[in-house]
Amino acid sequence: MATSAILSALLSLLAGIGIFLIACQMMSSNLESASSEKLKQLFSKASKSKLLGVGIGTLGTAAIQSSGATTVMTIGFVNAGIISLTQAATIIYGANIGTTVTAQIVALGMFGSGGVSTSVIFSAFAGIGALLMLFCKKSSWKTAGGILTGFGMLFVGLSLMSGSMSEFAALDGVKTFLASIGNPILLVLLGAIFTAIIQSSSVMTSIALAMVVTGLIKLDQGIFLTMGSNIGSCVVAILASITSSKNAKRTALIHLIFNCSGVVFFMIAGWLLGLFSAHRITYGNLFETMFPGAPQTQLAMFHTFFNVITVILILPLTNALVKLVTTLIPDSQESSEEDVPHLHYVNVNMLKTPPLAVELTKKEILRMASLAIDNFNRALRIITTMEFSEKEQFQKTEKELNFLNSALVNYVVMLSECKGISEHDHIYLATTYRTIRDLERIGDYAENILEYSEAMAKDGQGFSEDALEEIGRMQALVSELYNLAIEAYTEENLNALDQANAVEERIDDCTKEMEDNHIKRLSKGVCSPEVGAQYLSLSSNAERIADHLINVAKSIRSLKAQAAA
């Protein structure tokens, strides 16, 4: 009988964890989708003060119900250079406070007996949300339905977990075994390990709440498990930073040090509290006194208290903490990595926060554009001076452009399949395939120009002074076009697009003039037919580069059309 009861309780627990995790994911993705633009604006204000950064982290996490998503988002912003390491640290502090909102909601859902409990009432939201998702056509209503469904499913999963805990509580052997685990360090480790496995501190805290409410474990045991869950939650940040920049890795390390410091402080404080008090006072005793008869509130309030106090203690030490992680992860560690082509702003972990991933994909494309125009200018410097010192850097950049052409397209494919992307972002992602190809082709034309210079150098030839002057005018026009095209693309600015179109027409006139003047020089014997052929090819390549730049700028038309609809 005991064996079948344990098996039944275990299966119910697994079912409850599964539903709870899906509910968290559904709720988080829909909340994030509904508030993505506001979140971006919110995070951009983090630079004003450390306290504001804490507030933004708290509000952002409370809004999307996921400290993991907030942490990944923060790492993404650090990786992109949007916020500093110090600003990221304060946002992460706030995220730890914001994540306690979930425990408070779960605790609230555990009230009620005899009549209709709050858990049953909240569970009903799953049905209401599902109806909205099924029968409403407007995307905003579907998103609201997803939020309500996720919210309701939280309590469906919680009910299953609580039910399984009640079954465990009825088994003397299980209660005796759990009662024997009284070592605080062991409990913290168990909480950290389990949280690291399921990658959700909310689930670990909710299980601890259910175990305390059903009497399966004591409040002090639940407190130490919850403290351990804070350490385990750092796994998400560590995974997100593995393939990112040094500052992203430092951000993840700050998260780990912050949470571990809080646990160490509270462990020592708890030991001293018991050591010097007459009746061996524990955290459990204190919170039982403050919130009598409500074990769920006792644990939820400790969770909030723990994170708030940790922030108060660590916030003044933020600059020292930033200096510490900078020392532990010095700049020199990534010097060898910079020679290997890689995505600088995005990685697979960013797919957990699609709105941010879209924003950083745009930064990655802008970086690709910068590399492409740099190689074009580098090729022109080589062919006009016949000085090949930049050839190695040119080849390195061309290799990176080829890598980005493939890697970015693959990333956009994965990102396009993610849920929680707005219609505007979907349209933007659809334009990126052509944009990436246009930028890669600019690199190819720059490579052609380098080959022309190598052929000319081999024959000991060069351009005339008039030809060099014409190339300089053409280069200036292409640079002007590039700046306008990037402005149009970045800001979705139609006025900049109109100006870019005008410059592109001037480039067409310029290259036509270059061809006409070349024919005149050829007829006068100023340049050789071989050099003339290279000059005509260079002119043609420059015109095509201008065409690809204007294609990049024109990609905003579909976005502006959607906005006007």
Side-chain angles (χ1 to χ4, degrees), residues 29-30 32-40 72-73 76 80 137-143 146 343-373 401-444 481-482 484-498 500-501 504 544-565:
S29 62
N30 282 283
E32 190 179 335
S33 177
S35 58
S36 59
E37 291 303 319
K38 291 180 180 178
L39 278 174
K40 290 174 189 175
V72 170
M73 199 177 296
K137 294 183 179 179
K138 199 172 180 180
S139 61
S140 59
W141 282 103
K142 286 183 177 292
T143 300
L343 295 171
H344 282 232
Y345 300 122
V346 296
N347 57 45
V348 175
N349 290 297
M350 296 299 168
L351 297 175
K352 295 177 181 178
T353 54
L356 173 64
V358 172
E359 189 75 18
L360 295 182
T361 297
K362 193 171 190 176
K363 284 190 70 71
E364 199 76 66
I365 289 173
L366 289 171
R367 177 176 166 271
M368 185 179 183
S370 177
L371 290 172
I373 201 68
L401 286 169
N402 290 334
F403 166 81
L404 289 171
N405 179 48
S406 173
L408 265 175
V409 167
N410 291 336
Y411 190 81
V412 170
V413 169
M414 291 188 292
L415 181 54
S416 300
E417 295 172 353
C418 293
K419 295 179 181 179
I421 297 178
S422 66
E423 185 179 355
H424 176 277
D425 285 349
H426 266 301
I427 294 172
Y428 168 71
L429 289 174
T431 70
T432 58
Y433 300 104
R434 172 72 182 272
T435 300
I436 293 167
R437 179 59 178 161
D438 281 321
L439 296 175
E440 193 272 338
R441 291 297 294 149
I442 291 173
D444 289 344
L481 173 59
Y482 170 79
L484 288 168
I486 294 302
E487 181 183 348
Y489 184 81
T490 305
E491 301 176 10
E492 296 177 18
N493 187 333
L494 288 175
N495 183 51
L497 174 58
D498 291 339
N501 279 319
E504 195 267 338
R544 290 173 184 173
I545 285 173
D547 291 339
H548 287 295
L549 285 173
I550 207 68
N551 285 342
V552 172
K554 286 178 179 177
S555 67
I556 68 169
R557 284 178 174 171
S558 56
L559 295 171
K560 301 304 287 186
Q562 180 265 338

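Along the sequence shown, residues carry numbers from 1. Everything numeric here is computed off the predicted structure, so don't read it as measured data.
- Taking CG from Leu439 and NE2 from His548, the interatomic distance works out to 9.5 Å, rounded to the nearest 0.5 Å.
- Phe403 pairs by the side-chain contact (heavy atoms from CB on, under 4.5 Å) definition with Pro341, Leu343, Ala407, not counting sequence neighbours.
- Qualifying side chain to side chain donor-acceptor pair (under 3.5 Å) partners for Tyr489, counting only residues two or more places apart in sequence or in other chains: Tyr428.
- The minimum heavy-atom distance between Leu481 and Ala500, with the atom names listed, is CD1-O, 3.4 Å.
- Here the CE-CD1 distance, from Met368 to Ile442, works out to 9.0 Å after rounding to the nearest 0.5 Å.
- Considering only residues two or more places apart in sequence or on other chains, Arg544 meets the side chain to side chain donor-acceptor pair (under 3.5 Å) condition with none of them.
- With sequence neighbours excluded, the residues forming a side-chain contact (heavy atoms from CB on, under 4.5 Å) with Thr490 are Leu366, Ile486, listed by chain and number.
- Ion pair Lys362/Glu359 not flagged as a salt bridge, since none of the NZ, NE, NH1 or NH2 atoms sits closer than 4.0 Å to an Asp/Glu carboxylate oxygen.
- Contacts of Glu504 classified as salt bridge (Lys or Arg N to Asp or Glu O under 4.0 Å), with partners at least two apart in sequence or in another chain: none.
- Contact record, Leu404 with Glu364: CD2-OE2, 4.2 Å, taken as the closest heavy-atom pair.
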Go through the steps for Arg434 and Asp438 under the test side chain to side chain contact (heavy atoms under 4.5 Å, CB included), then give the verdict. CA-CA 6 Å; Arg434 172 72 182 272; Asp438 281 321; 3.4 Å; yes
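- Taking CD1 of Ile365 as the reference point, atom CG of Leu360 lies at 11.5 Å (rounded to 0.5 Å).
- Scored by the salt bridge (Lys or Arg N to Asp or Glu O under 4.0 Å) test, Arg441 finds Asp444 as partners (sequence neighbours excluded).
- Partners of Asn493 by side-chain contact (heavy atoms from CB on, under 4.5 Å), not counting sequence neighbours, listed by chain and number: Glu487, Glu491, Asn495, Ala496.
- Expressed to the nearest 0.5 Å, how far OH of Tyr433 lies from CG of Asn405 amounts to 12.5 Å.
- In this structure, the separation between OG1 on Thr361 and CG on Leu429 is 6.5 Å, given to the nearest 0.5 Å.
- Leu351 meets the side-chain contact (heavy atoms from CB on, under 4.5 Å) test with Val348, Tyr411, Met414, Leu415, Cys418; sequence neighbours excluded.
- Between Val346 and Ala357, the closest heavy-atom pair is CG1-O, 4.1 Å.
- The two atoms that bring Ala553 and Ala488 nearest to each other are CB-CB, 4.2 Å, heavy atoms only.
- Atoms CD1 and CG, from Ile550 and Asn501 in turn, are 4.0 Å apart once rounded to the nearest 0.5 Å.
- For the pair Ser558 and Ile427, the tightest heavy-atom approach, listed with the atom from each and the gap, is OG-CG2, 3.8 Å.
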